[in-house]
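In what follows, a single structure is set out as structure tokens and then discussed.
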There are 2 protein chains.
Amino acid sequence: MSKCDQCIVREFSSLKALNKEELLKMANCKTSYIIKKGEPIFSEGENVNGIFCIKDGVCKLSKLSENGNEQILKLVAKGELLGQRSMISDEPVNLSAVALEDMEVCFVPKSEILGFFNGNNQFSMNVMKSICGDLKEADDHLVNMAQKSVRQRLAETLLELYETFGTNEDKSLRIKLSREEIAGMVGTATESCIRLLSEFNKNGLIELSGKKITLKDFNKLRSM
Amino acid sequence: MSKCDQCIVREFSSLKALNKEELLKMANCKTSYIIKKGEPIFSEGENVNGIFCIKDGVCKLSKLSENGNEQILKLVAKGELLGQRSMISDEPVNLSAVALEDMEVCFVPKSEILGFFNGNNQFSMNVMKSICGDLKEADDHLVNMAQKSVRQRLAETLLELYETFGTNEDKSLRIKLSREEIAGMVGTATESCIRLLSEFNKNGLIELSGKKITLKDFNKLRSM
DNA sequence: CTGATTGTATGACAAATATCATATTTTATT
DNA sequence: AATAAAATATGATATTTGTCATACAATCAG
């Protein structure tokens, strides 16, 4: 069993407030999983009863709208935690998490986390600040969804993918999403998304080559 | 100076976890304000350094989009708290709060609240659950904004206003909003909002009479 | 390798929504 | 009450976006 104190998640998440002893306790009760690309970590409505630490890989957090469309709210990458809100609220998870790449995750039961939560002030403060950050992000995102055009939202989404996940050696976006998934992030129909990508391509804002997307004109994308 | 232990806010908010002693401390350091309709309680970007308790009245939480449009994220009524997220994150407020009616609010400085926060586990848990509730709401709202039509969103907004604020004796919605504000909640142009309200009126879903809006066909509104 | 399946692309069209113009009504101010 | 200002309403039109159909390309299973 790997020790939590060397784990990347410990470096970047709320867990950085845990001390050696707590990390040891956690290492003893955690369960590790390999999640294959396309597989769910959990689905909306499930009782998760713990949090997931993302040791490697990226997943999408999404929710089905009443119309049956999948809206992607956020991509979450290695080093981050999943399920904090649900744990605090003591409710089923509100979103589904599905792997976009093969992933390594660890599950830590709620009882354990709540123990740290009560015993370690800095840890609970970190969790809360993380949730507060999510709330701010969600509010800002909401304003964009409500007030910006699909074209603007697509440009922003591409820039966000660039900033969050960077590029391959050939400068193309590292994160690999289907057109349908990009549309799910933007909140539009897949065909509209494809059409706008083609338009961006024609106008030199981006370059398309197969599934690869390369951002070209950052200024135009930003000022859209 | 009025005592906090009889205040409505104490009944309905995170503050219900405070004991007599804590309420007394709070009563001694709070500041009461009357906010007139249309006036701000705070504006996005401000350092608020405390929380506001809404003793009476309703306000809107809004944010300007980059296009310069005001998006209303939430209406907040008496009994609730404002500024919890900002306090925890230790950041300027992300949203503006503007009175929709004359309001009575109390301001309690951050130092005081953080004292309760550290000393009273139930209180801090309440604050956290409240923020988690906001996050869930925001995520759900976001999906609606991204995936539903303006018509659907307007219908939902009207139902929400009905459920949250109820009606006058004549069954018209109690909460009084301008068309521009309704449009700001729905996330659409004011003219589009007016036009759809007219359409709903023609089709018997609602009844318009001056500024008064009366919901008529709840089933059709719900199944839109 | 080959057919089947899935993903991407594009045209044609319809529907939804925004924008601009202008009229009408309501509200506020003097 | 008279006037000005703001809010509401509606028409005309342009733009955006969604939907359906179809073609083409890429990927996968056998």
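First the proteins, then the strands, lettered A, B, ... as listed; each starts at 1. When reading the values below, keep in mind they use all heavy atoms of this one structure, side chains included, and skip hydrogens, waters and symmetry mates.
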### Task
Start with the C-alpha gap between B:K212 and B:L173, add the side-chain angles, then the distance that decides, and say whether side chain to side chain contact (heavy atoms under 4.5 Å, CB included) holds.
CA-CA 7 Å; B:K212 283 183 187 297; B:L173 293 181; over 6 Å; no
#### Entry: A:N67 vs B:Q147, side chain to side chain donor-acceptor pair (under 3.5 Å): CA-CA, chis, key distance, verdict
CA-CA 8 Å; A:N67 316 342; B:Q147 298 287 348; 5.3 Å; no
### Message
With each end axis built from five pairs of C1' atoms, what bend angle do you get for the helix from C:dC1-D:dG30 to C:dT30-D:dA1? Round to 10°.
### Response
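Roughly 50° between the end axes, to the nearest 10°.
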### Message
So if I apply the side-chain contact (heavy atoms from CB on, under 4.5 Å) rule between B:L158 and each of B:L205, B:V186, B:I206, which one comes out positive?
### Response
B:I206
### Query
So does A:S198 get a side-chain nitrogen or oxygen closer than 4.0 Å to the phosphate oxygens (OP1/OP2) of C:dT10?
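Yes, within the criterion.
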### Task
Using side-chain hydrogen bond (donor to acceptor under 3.5 Å, both in side chains) as the criterion, list what pairs up with B:E91, not counting sequence neighbours.
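In terms of side-chain hydrogen bond (donor to acceptor under 3.5 Å, both in side chains), with neighbours along the sequence ignored, B:E91 is linked to B:R85.
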Taking [atom1] from [X] and [atom2] from [N], how many angstroms apart are they, rounded to a whole number?
X	N	atom1	atom2	result
B:K37	C:dT27	NZ	C1'	11 Å
B:I194	C:dT26	CD1	P	14 Å
B:E180	D:dT8	CD	P	8 Å

### Residue pairs fulfilling salt bridge (Lys or Arg N to Asp or Glu O under 4.0 Å) with at least one residue in residues 186-208 of chain B, sequence neighbours excluded
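For residues 186-208 of chain B, and leaving out neighbouring residues, the salt bridge (Lys or Arg N to Asp or Glu O under 4.0 Å) pairs sorted by first residue read B:R151-B:E199, B:E207-B:K216.
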Distance-minimising heavy-atom pair for [X] and [Y]:
X	Y	answer
B:L208	B:N201	N-OD1, 3.3 Å
A:M103	A:A99	SD-CB, 3.5 Å
B:L154	B:C193	CD2-O, 4.2 Å
A:S13	A:G79	CB-O, 3.5 Å
A:A183	A:T190	CB-CA, 3.7 Å

Taking only nitrogen or oxygen atoms into account, show me every contact under 3.5 Å that the protein makes with nucleotides 4-6 of chain C, one pair per line with its distance.
none

To the nearest 0.5 Å, what is the distance between [atom1] ([X]) and [atom2] ([Y])?
X	Y	atom1	atom2	result
B:L75	B:K60	CG	NZ	9.5 Å
A:L81	A:I51	CG	CD1	4.5 Å
A:F218	A:E163	CZ	CD	8.5 Å

Would you tabulate the pairs of protein nitrogen or oxygen atoms and nucleotide nitrogen or oxygen atoms of nucleotides 14-21 of chain C closer than 3.5 angstrom?
residue: C:dT17; atom: OP1; partner: B:V150; partner atom: N; Å: 2.6
residue: C:dA18; atom: OP2; partner: B:T188; partner atom: OG1; Å: 2.4
residue: C:dA18; atom: OP2; partner: B:A189; partner atom: N; Å: 3.4
residue: C:dA18; atom: OP2; partner: B:S192; partner atom: OG; Å: 2.8
residue: C:dT19; atom: O4; partner: B:R195; partner atom: NH2; Å: 3.0

### Message
Under 4.0 Å, heavy atom to any atom of DNA chain C: which of residues 199-224 of chain B qualify?
### Response
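None, since no heavy atom is under 4.0 Å.
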